[in-house]
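The structure appears right after this line, and notes come after that.
Treat the numbers as computed from the prediction; the structure is a model and nothing was measured.
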Amino acid sequence: QVQLVESGGGLVQAGGSLRLSCAASGRTFCNYAMGWFRQAPGKERDFVARISSTGGTAYYTESVKGRFTISRDNAKNTVSLQMNSLKSEDTAVYYCAARYPSKSSSWYLSTWDYWGQGTQVTVSS
């Protein structure tokens with residue numbers, strides 16, 4: 001069992017920055033791939049970024065490349081999402097997620113095993 005708790009959301013002006021954090025518990029945390037997803041009102045939950053178990057490889061959805069950075073600290077059992085140059089389109093509830101290693105060759109939403117409760121990010125124009 002992996003428990004995930006997000007924090008760091010809030011209200012920010014367009015062009016500003018926020019740093020989201022996800023605190024994880026579980027003996028095998030370091031073996032999980034970790035990701036961030038977001039869901040805007042009336043929209044599907046979408047992939048934002050993911051990072052490998054070692055932190056050596058990261059992937060981002062096109063719309064956040066160059067603005068967001070995902071990182072992890074396995075010693076502290078934390079995963080972060082640094083969000084810079086925020087736009088109104090980034091407004092959403094952001095979720096931290098974890099997936100068992102080598103579970104699937106695909107990265108569909110349904111393949112992720114554990115989810116946090118979400119934290120609201122609102123960007124005003």
Worked verdict on Ser106 versus Thr111 for side chain to side chain contact (heavy atoms under 4.5 Å, CB included): CA-CA 8 Å; Ser106 70; Thr111 68; 4.0 Å; yes
Is the shortest side-chain heavy-atom distance between Phe68 and Leu86 below 4.5 Å? yes
Check the angle between the aromatic planes of Trp115 and Tyr95 and answer parallel, tilted or perpendicular using the 30° and 60° thresholds. perpendicular
Thr78 vs Asp73, test: side-chain hydrogen bond (donor to acceptor under 3.5 Å, both in side chains). Steps then yes/no. CA-CA 5 Å; Thr78 59; Asp73 186 338; 5.0 Å; no
How about Thr119 and Val93: do any of their side-chain heavy atoms sit closer than 4.5 Å? no
Contact check, side chains of Met34 and Ser80, non-hydrogen atoms, under 4.5 Å: no
Report yes or no: is the cationic atom of Arg45 (NZ for Lys, CZ for Arg) closer than 6.0 Å to the six-membered ring centre of Trp112, at no more than 45° off its axis? no
What one should report as the nearest heavy-atom pair of Leu4 and Ala24 is CD2-CB, 3.6 Å
May I ask you to test the Leu109-Phe47 pair for a side-chain heavy-atom distance under 4.5 Å? no
Please name the pair of heavy atoms, one in Leu20 and one in Gly9, separated by the smallest distance, quoted to 0.1 Å. CD2-N, 3.6 Å
Closest non-hydrogen atom pair, Arg19 against Ser71: NH2-OG, 3.9 Å
Kindly say whether Glu6 contributes a backbone atom to a donor-acceptor pair with the side chain of Gln117 at under 3.5 angstrom? yes
Is there a continuous path of hydrophobic side-chain contacts, each under 4.5 Å between heavy atoms, that joins Val64 to Leu18? yes
Where is the tightest heavy-atom contact between Ile70 and Gly35, given as atom of each residue plus distance? CD1-CA, 4.4 Å
Any chance you could lay out the side chain to side chain contact (heavy atoms under 4.5 Å, CB included) test for Val79 and Trp36, step after step, and finish with the verdict? CA-CA 9 Å; Val79 177; Trp36 286 95; 3.6 Å; yes
Going from OG on Ser53 to CG on Asn74, what distance comes out if it is rounded to the nearest 0.5 angstrom? 7.5 Å
Identify the heavy atoms of Thr91 and Val123 that sit nearest to each other, and give their distance. OG1-N, 2.9 Å
Tell me whether the count of non-hydrogen atoms from other residues, nucleotides or ligands lying under 6.0 Å of CD in Glu44 goes above 12. no
Heavy-atom closest contact (Ser104 atom, Arg99 atom, distance): O-NH2, 2.9 Å
Let me confirm one number: the CE-CG distance from Met83 to Asp90, rounded to the nearest 0.5 Å. 7.5 Å
Would you call Thr61 and Asp46 a side-chain contact if the rule is heavy atoms closer than 4.5 Å? no
Check the orientation of Tyr32 and Tyr114. Use parallel for under 30°, tilted for 30 to 60°, and perpendicular for over 60°. perpendicular
Separation between SG of Cys22 and CZ of Arg72, rounded to the nearest 0.5 Å: 10.0 Å
Is it true that the NZ or CZ of Arg50 lies under 6.0 Å from the centre of Trp107's six-membered ring and within 45 degrees of the ring axis? yes
Between Ser17 and Asn84, do the side chains contain an N or O donor and an N or O acceptor separated by less than 3.5 Å? yes
For Tyr100, does its backbone N or O pair with a side-chain atom of Asp113 as donor and acceptor, under 3.5 Å? yes
Can you tell me how far apart CG (Leu81) and OH (Tyr60) are? Round to the nearest 0.5 Å. 7.5 Å
Arg38 charged N/C atom sitting above Tyr94 aromatic ring, 6.0 Å / 45°: no
